[in-house]
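Heads up: the structure comes next, in structure tokens.
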There are 2 protein chains.
Amino acid sequence: MKKYLSVLKNCPLFYGIREENLFTMLSCLGARVESFDKKYTVFAEGSPARYIGIVLSGSVQILQGDYYGNRSILSHMKESDVFAEAFACAELPSLPISVVANEPSEIMLIECSHILHTCNNNCGFHQQLIFNLMKDLASKTILFHQKIEVVSQRTTRDKIMTYLSQEAKKRGSNSFDIPYDRQELADYLEIDRSGLSAEIGKLKKEGIIESHKNHFELL
Amino acid sequence: MKKYLSVLKNCPLFYGIREENLFTMLSCLGARVESFDKKYTVFAEGSPARYIGIVLSGSVQILQGDYYGNRSILSHMKESDVFAEAFACAELPSLPISVVANEPSEIMLIECSHILHTCNNNCGFHQQLIFNLMKDLASKTILFHQKIEVVSQRTTRDKIMTYLSQEAKKRGSNSFDIPYDRQELADYLEIDRSGLSAEIGKLKKEGIIESHKNHFELL
DNA sequence: GAAAATCTGTTGAATTTTCAACAAACGGAG
DNA sequence: CTCCGTTTGTTGAAAATTCAACAGATTTTC
């Protein structure tokens with residue numbers, strides 16, 4: 001597990017935990033690591049919402065299944081990101097989303113109740129973890145908020161531009177890669193793929209953006 | 001302030017705080033109460049995100065302003081609900097939303113830093129409040145999640161039905177009132193008002209729902 | 001390196017949504 | 001009770017999105 005030290009140090013859940021205590025704490029929490037190949041399911045929709053996931057390597061997508069198989073991508077989680085924590089913390093009986101590996105990935109799983117309720121060893125780090133969870137949930141709320149801002153746009157063009165502007169702002173640069181291919185971007189923006197391709201073509205022709213594959217640039 | 005005891009006891013932020021300690025704690029936190037007439041602004045978009053709001057009486061709407069004045073309703077908050085906590089907890093420099101009173105309302109304002117950082121009196125309730133905030137933020141995430149599920153639907157009809165189903169589930173009844181008039185419902189669902197009216201008409205004609213003004217029934 | 005599978009851009013037709021305008025219904029003020 | 005402002009439902013035309021189908025490009029597999 002040592003090889004994940006740098007990833008774990010960047011994980012918002014472990015902010016303020018001293019390096020020499022990290023692995024003791026993890027074993028006390030019963031953390032374990034599992035590997036998933038591309039397209040394999042980490043959490044299935046409807047399964048119990050007991051675990052918090054942390055991406056150690058690779059990346060995963062949070063998916064929401066519609067009435068009838070209409071895939072909708074909620075977000076993309078990369079190294080050091082925490083996922084499914086809201087459902088576990090809110091103690092929902094079952095998960096309303098599924099989590100799927102986007103590439104071969106290693107995932108750390110922690111049972112949420114081990115964090116929320118102090119253990120018999122009376123470890124001192126629970127308060128810090130709960131504080132960190134609170135911070136993390138606050139930023140997740142803001143993340144969802146941004147997704148709502150995007151899908152609230154009425155036109156395909158406005159959705160694309162709102163999304164690209166958000167990404168540019170996050171990266172602090174007008175030139176960046178996105179983690180989605182065309183179909184996935186359409187699933188995130190909740191629009192038709194062919195309409196997305198067409199609109200990106202127009203935006204390029206009009207000199208508003210430049211793009212090659214999943215690299216984009218705002219002009 | 002005593003008259004708000006029952007409202008405050010229902011507020012998720014104060015879960016587990018003993019009644020006899022509540023008001024001492026509130027004064028220690030520097031909580032204050034302000035009144036707002038209908039349509040008055042509680043928090044303006046762009047203002048500093050320092051305060052957590054709690055609805056003591058009345059109700060407020062959380063609004064997001066588009067590029068060009070396209071109003072979008074994020075959510076409706078009623079008695080005992082907490083709002084703007086995510087932005088304050090995440091220590092955003094400024095609010096990305098505005099909060100407007102939906103009717104004459106009384107709002108309790110608490111500076112978030114007073115909750116997050118232990119005070120010089122060394123009060124013992126900070127840990128409980130942080131835990132409560134964490135829980136509250138988890139359920140807020142789920143609330144936004146539901147809003148995303150609604151606006152992710154591609155058609156007007158599916159948006160309406162997804163929203164009504166969610167409400168029915170929350171209330172535990174197929175017969176319920178919604179807190180929005182037609183224009184506001186359209187702003188929440190991110191659709192055209194006239195299209196909304198037309199679609200509600202169709203759903204009634206087809207015997208799928210029954211409705212009179214803001215009362216709805218799923219059949 | 002060739003074949004197979006997947007991804008992307010393009011098109012036109014069908015469908016749906018938006019927009020603008022208006023009249024009926026409703027609600028509050030005097 | 002009546003007037004006036006607001007809300008709601010309806011309509012048809014304009015605009016936008018979705019859908020289906022296909023061909024070229026790219027990537028993966030063996």
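Every heavy atom of this structure was used, including side-chain atoms; hydrogens, water molecules and symmetry mates were not. This structure is a prediction, so every number in the text was calculated from the model and none was measured. We name chains A, B, ... by the order of the sequence lines, and we start the count at 1 in each one.
For the pair Leu189(A) CG and dA16(D) P, the computed distance is 18 Å after rounding to whole Å. For Ile160(A) and dT8(C), the CD1 to P distance is 14 Å, given to the nearest whole Å. If you take CG of Leu196(B) and C1' of dC19(C), they are 15 Å apart, rounded to a whole angstrom. The separation between Asp181(B) atom CG and dG9(D) atom C1' is 14 Å, rounded to whole Å. With rounding to whole Å, Gln183(A) atom CD is found 11 Å from dC19(D) atom P. The NZ-C1' distance, from Lys213(B) to dA24(C), rounds to 15 Å in whole Å. dA15(D) atom P lies 15 Å from atom CZ of Arg157(A), rounded to whole Å. Across the protein-nucleic acid pair, His212(A) atom NE2 and dT8(C) atom P stand 11 Å apart, rounded to whole Å.
Here dT17(C) is the nucleotide among dG9(D), dT10(C), dT17(C) with the atom lying nearest to any side-chain atom of Thr156(B). Of the candidate nucleotides dT10(D), dT27(D), dT18(C), dT18(C) has the atom lying nearest to any side-chain atom of Asp192(B). Across dT18(C), dT10(C), dC19(D), the shortest atom-to-atom separation from the side chain of Ile191(B) is found for dT18(C). Picking from dC19(C), dT17(C), dT10(C) the nucleotide with the shortest atom distance to the side chain of Thr155(B) gives dT17(C). Of the candidates dT8(C), dT8(D), dC19(D), the closest approach to any side-chain atom of Arg193(A) belongs to dT8(C). Here the side chain of Arg182(A) is nearest to one of dT7(D), dG9(D), dG9(C), namely dG9(C). Out of dT10(D), dT18(C), dA20(D), the shortest distance to the side chain of Ser194(B) is found at dT10(D).
Contact record, Met77(B) with Lys140(B): CE-CE, 3.8 Å, taken as the closest heavy-atom pair. Shown here for Cys11(B) and Val82(B), the closest heavy-atom pair between the two residues is SG-CG2, 3.6 Å.
Phe36(A) meets the ring-ring contact (aromatic ring centres under 6.0 Å, His included) test with no other residue; sequence neighbours excluded.
Side-chain contact check for Asn214(B) versus Leu185(B): every heavy-atom pair is 4.5 Å or farther apart.
Across the interface with DNA chain D, nearest-nucleotide mapping of Gly201(B) and Lys39(B) shows Lys39(B) to be the residue nearer the 5′ end.
Two end axes, each from the C1' atoms of five base pairs, can be drawn for the helix from dG1(C)-dC30(D) to dG30(C)-dC1(D); they diverge by 60°, to 10 degrees.
Of the residues listed (Thr156(B), Leu196(B), Thr162(B)), the one engaging Leu189(B) in a side chain to side chain contact (heavy atoms under 4.5 Å, CB included) is Leu196(B), and it is the only one.
For Lys170(A), the NZ atom counts as densely surrounded, since its 6.0 Å shell holds more than 12 non-hydrogen atoms of other residues, nucleotides or ligands.
A distance of 6.0 Å or more separates the ring centres of His76(B) and Tyr188(B).
Using a 4.0 Å cut-off, some side-chain N or O of Arg154(A) falls inside it from OP1 or OP2 of dT18(C).
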